[in-house]
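First the structure, in the form of structure tokens, and then the observations on it.
Note on naming: letters A, B, ... go to the chains in the order of the sequence lines (proteins, then strands), and numbering restarts at 1 for each one. Side chains are part of it too, since the values below use all heavy atoms of this structure and drop only hydrogens, waters and symmetry mates.
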Number of protein chains: 2
Amino acid sequence: MLPGEVAALLRVDPKTVTRWAATGRIPSIRTPGGHRRFPRAAVMGLLTATAPDNPPNPENSR
Amino acid sequence: MLPGEVAALLRVDPKTVTRWAATGRIPSIRTPGGHRRFPRAAVMGLLTATAPDNPPNPENSR
DNA sequence: TTCCATTCGGGTAATTGGGGGA
DNA sequence: GATGTCCCAATTACCCGAATGG
């Protein structure tokens, strides 16, 4: 998966994704020219949202 | 979407949006750096919930 | 081979996160 | 109980020119 795709999915700058790879926060593969490729699974793990309990259930909220 | 955008849209302080995410009142994903991204749909839900005259679920707001 | 879009690298400004207090 | 504003540190976004990939 390309840096631009990951950036678009997480609403960040492609440069930020590159920084994550540089700091080892996300696994990445390097092309012979130095460009990066990211495993789709790792990217999917990042966009896992915390699902809050905010349904019509007042008793649960209190 | 970004915390600042949500804050501007709901006309609250970005810190308040952060607190909502922290208390689980709005779903959010975290970047590896710790910043938050909010699903547009969830923001719209909050926007509807804070609407002065069009609350779909008044009991949900409490 | 040339073509264009994207990514590379570094540097700087703006935003965000967390804690504490009004 | 919830929100807005203060601090500082960290993260992120946009600028440039040059190189890579298909």
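The side chain of Pro14(A) lies closest to dT7(C), out of dT7(C), dG21(D), dG18(C).
A donor-acceptor pair under 3.5 Å is absent between the side-chain atoms of Thr16(A) and the main chain of Val12(A), judged by distance alone.
Atom CZ of Arg37(A) is surrounded by more than 12 heavy atoms from other residues, nucleotides or ligands within 6.0 Å. Environment of CZ in Arg30(B): crowded, with over 12 heavy atoms of neighbouring residues, nucleotides or ligands closer than 6.0 Å.
Across the interface with DNA chain D, nearest-nucleotide mapping of Arg11(A) and Val12(B) shows Val12(B) to be the residue nearer the 5′ end.
Atom CZ in Arg30(B) sits about 11 Å away from atom P in dT12(D), given to the nearest Å. The nearest whole Å value for the distance from the CZ atom in Arg37(A) to the P atom in dG21(D) is 8 Å. For the pair Ile29(A) CD1 and dT20(D) P, the interatomic distance rounds to 20 Å; values are reported in whole Å. Summarising the geometry, the separation between CD on Glu5(B) and P on dT12(D) is reported as 16 Å, rounded to the nearest angstrom. Rounded to a whole Å, the CZ atom of Arg36(A) is 10 Å from the C1' atom of dG9(C).
Dashed line: the shortest gap from a side-chain N or O of Thr16(A) to OP1 or OP2 of dA13(D) is under 4.0 Å. Considering only side-chain N and O atoms, Thr31(A) lies under 4.0 angstrom from the phosphate OP1 or OP2 of dG21(D). Listed pair Thr18(A) / dC8(C) meets the phosphate criterion, a side-chain N or O lying under 4.0 Å from OP1 or OP2. Applying the 4.0 Å criterion to OP1 and OP2 of dT11(D), one finds that Trp20(A) has every side-chain N and O outside that range.
Between Pro27(A) and Phe38(A) there is no side-chain heavy-atom pair separated by less than 4.5 Å.
With both pairing distances under 3.5 Å, dA19(D) is matched to dT6(C) as a Watson-Crick or G-U wobble pair. The partner of dT1(C), taking Watson-Crick or G-U wobble pairs whose two distances both stay under 3.5 Å, does not exist in any strand shown.
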N/O to N/O distances under 3.5 Å, protein versus nucleotides 10-15 of chain C:
residue, atom, partner, partner atom, Å
dG10(C), O6, Lys15(A), NZ, 2.6

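Closest approach of Ile26(A) to Ala42(A), counting heavy atoms only: CG1-CB, 4.3 Å.
Each of Val6(B), Leu46(B), Leu2(B) was evaluated against Val17(B); a single residue qualifies, Val6(B), per the side chain to side chain contact (heavy atoms under 4.5 Å, CB included) test.
The same ILVMFWY cluster, assembled from side-chain heavy atoms under 4.5 Å apart, contains both Leu47(A) and Met1(A).
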